[in-house]
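The next block holds one structure in the form of structure tokens; read it before the comments.
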Amino acid sequence: MNNQEIINRIIYISSIIGNKGIEHDERVKIGIEACEVYEKLKIECRTLIMSNIYIIYRQMGALYFEANEYSSSEKFFEKSLEIKTKYNNVDSMINECTTKQMLAREKIMIYLNSNNSRKLEEAKTLLNFIDSNYDISWNNNLKEKIDETKNIYNSAIRGDLKTIVTLEIPYHLILDEENEIGFNYKGTKCYIKAETIRSQESNFIIGDNIYTEKDKYGIVNRSIVTLTIEKYINGNELIKVNKTINEVYRPLNEAINAYNYFLKKYIISTGKYWLPEINENMIFRFETKVLAGNVEIKNIPLSISMSLSSSGNNRLRLKEDELKGINKELNSSENNIWELAVNYAKDYYLIKDYKNAIIMINIALENFTYYFSKKILKKYLEDSQIEKFFRGIVEYEDYFLKEYISKKNFEQAKKDDVIKDNPPTIYKIYAEIYKYEQLPITKNQLNKKLSKIKDQRNEIVHGQIISKDLQYVAEKAIEEFENIVKIENE
């Protein structure tokens with residue numbers, strides 16, 4: 001395109017970009033096109049269409065404003081205001097103040113998402129400009145928008161912000177529908193209420209007061225829970241929860257964490273032990289609102305939290321190796337606790353109950369170690385020797401203090417339970433295996449893996465203070481256990 005063709009194209013785009021009859025995305029597309037070709041114009045030609053590119057910049061700011069794309073909106077509004085500053089007659093004062101009102105709001109939102117205080121200062125400067133040029137004859141809509149933006153600014157300064165997440169949980173939680181219960185979670189004030197709804201499967205039941213006790217799976221009733229968290233949470237931010245859960249929006253994640261904290265207290269106080277903690281994969285839909293004071297600054301009416309997959313034209317069915325595995329298990333007489341325990345550990349990890357995930361993977365470790373070691377030791381020892389080793393039976397001949405005690409007194413001490421049998425630790429069991437066979441990894445390498453699996457296990461069981469990230473600890477423990485099983489089955 002030559003200069004004249006570019007000029008003609010920009011003039012045309014400036015005449016239609018504000019047309020709301022054109023799809024939003026199409027208007028953005030032609031706006032980007034205009035901005036790109038404008039950069040190719042010679043400097044002396046740009047002044048000829050300054051008013052047109054001003055319109056395009058301003059409209060692009062408004063389009064990104066509508067889409068809550070704050071940084072892009074800020075960029076184009078500021079480009080339009082640079083032109084207005086240089087060419088004052090390009091637009092009216094009321095339009096300049098309208099632009100600055102929207103720009104101030106975008107800067108406040110950028111501040112809330114980034115905690116960049118400079119953006120808040122810039123918003124204040126824009127609002128001061130509007131105050132200095134305020135005209136009582138302006139239309140009521142603009143006046144209301146200015147007042148609203150000021151209220152948002154003042155609420156941001158005061159920290160008067162709330163994120164409200166509403167979600168349907170797959171069981172019945174009995175709470176008052178009107179009166180919220182307040183609690184503190186990680187230094188933030190939260191409120192919760194719940195509405196009872198009838199499950200689809202039980203719609204035939206008549207009467208609002210019908211329920212079933214211990215309705216763990218929401219067969220009769222379910223609940224719509226509303227959590228109010230007194231802080232701003234970015235509704236557009238996706239976060240990775242853990243390696244088994246796909247990315248979800250941060251408000252849902254924080255609401256679930258607060259809910260599960262509340263649920264533990266609820267169970268202790270009511271004895272409703274059958275209510276499970278929830279995780280992101282249990283919530284299909286949720287809604288998010290964010291308030292600054294009494295002003296709603298974000299409303300995401302419906303979001304789907306879980307990722308959906310399709311089997312295409314094929315009916316969803318088990319894989320061939322899965323079917324073979326099921327048949328093999330059904331025909332097996334073995335009943336290895338560790339094979340279930342490792343899956344239970346993964347289930348706890350899925351629902352973010354990392355403490356129980358660590359406990360369960362240690363159960364898997366102990367059971368697998370006994371299973372594996374007996375299989376090895378049977379090649380070299382008699383059954384009685386193996387039993388003696390695992391029971392940790394202390395014989396007089398092996399007792400480390402036998403020089404100071406007679407055999408008679410030793411046997412009496414054992415009978416009185418003064419001298420006790422000492423079953424071997426996991427480390428000692430593997431040390432015994434290494435006496436007879438070499439595994440694919442060294443004893444030191446194996447001990448390091450065992451230490452990662454056992455990490456924080458004792459602290460959890462004994463209720464000690466835990467400073468480590470249990471998500472990471474649980475993740476590594478499960479990973480290392482599966483590595484050990486793989487290595488030892490080679």
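Start at 1 with the first residue, then count along the sequence. Worth knowing before you read on, the calculation uses all heavy atoms, side chains too, and leaves out hydrogens, waters and symmetry mates.
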What do you reckon, is [atom1] of [X] surrounded by more than 12 foreign heavy atoms closer than 6.0 Å?
X	atom1	result
Tyr436	OH	yes
Glu322	CD	yes
Lys240	NZ	yes
Lys265	NZ	no
Glu382	CD	no
Lys289	NZ	no

Atom of [X], atom of [Y] and distance for their closest heavy-atom approach:
X	Y	value
Cys190	Tyr185	SG-CB, 4.1 Å
Pro251	Val165	O-CG2, 3.7 Å
Asn236	Asn68	ND2-O, 4.2 Å
Glu195	Glu177	CA-CG, 3.6 Å

Between [atom1] of [X] and [atom2] of [Y], what distance do you get to the nearest 0.5 Å?
X	Y	atom1	atom2	answer
Lys214	Lys272	NZ	NZ	8.5 Å
Asn234	Glu254	CG	CD	10.5 Å
Leu381	Lys379	CG	NZ	12.0 Å
Asn279	Tyr259	CG	OH	12.0 Å

Phe481 and Phe368 aromatic ring geometry - parallel, tilted or perpendicular at 30°/60° bounds: perpendicular
Going by heavy atoms in the side chains, are [X] and [Y] under 4.5 Å from each other?
X	Y	value
Glu122	Leu103	no
Ile361	Arg457	no
Lys119	Ile108	no
Lys449	Ile487	yes
Thr288	Thr163	yes
Ile460	Ile466	yes

Determine whether a donor-acceptor pair (N or O, by modelled atom type, separation under 3.5 Å) exists between the side chain of [X] and the backbone of [Y].
X	Y	result
Asp455	Ser451	no
Asn367	Trp338	yes
Gln445	Thr442	yes
Ser223	Ala194	no
Gln471	Val241	yes
Thr226	Thr166	no
Asp176	Lys193	no
Asn253	Val248	no

Phe390 six-ring face occupied by Lys374 cation (under 6.0 Å, within 45°): yes
Compute whether any side-chain donor of one residue and acceptor of the other, for [X] and [Y], lie under 3.5 angstrom apart.
X	Y	result
Asn113	Tyr232	yes
Glu437	Tyr380	yes
Thr369	Tyr427	no
Glu488	Tyr430	yes

In plain terms, say whether [X] and [Y] are close enough for a salt bridge, that is, a side-chain N and a carboxylate O under 4.0 Å apart.
X	Y	result
Glu121	Lys107	no
Glu411	Lys415	no
Lys452	Glu479	no
Lys189	Glu230	no
Lys352	Glu280	yes

Tyr348/Tyr354 under ring pair (Phe, Tyr, Trp, His ring centres under 6.0 Å): CA gap, chis, key distance, verdict: CA-CA 6 Å; Tyr348 280 124; Tyr354 301 121; over 10 Å; no
Audit row: Lys448, Glu480, salt bridge (Lys or Arg N to Asp or Glu O under 4.0 Å) steps and yes/no: CA-CA 9 Å; Lys448 286 179 181 178; Glu480 293 294 359; over 6 Å; no
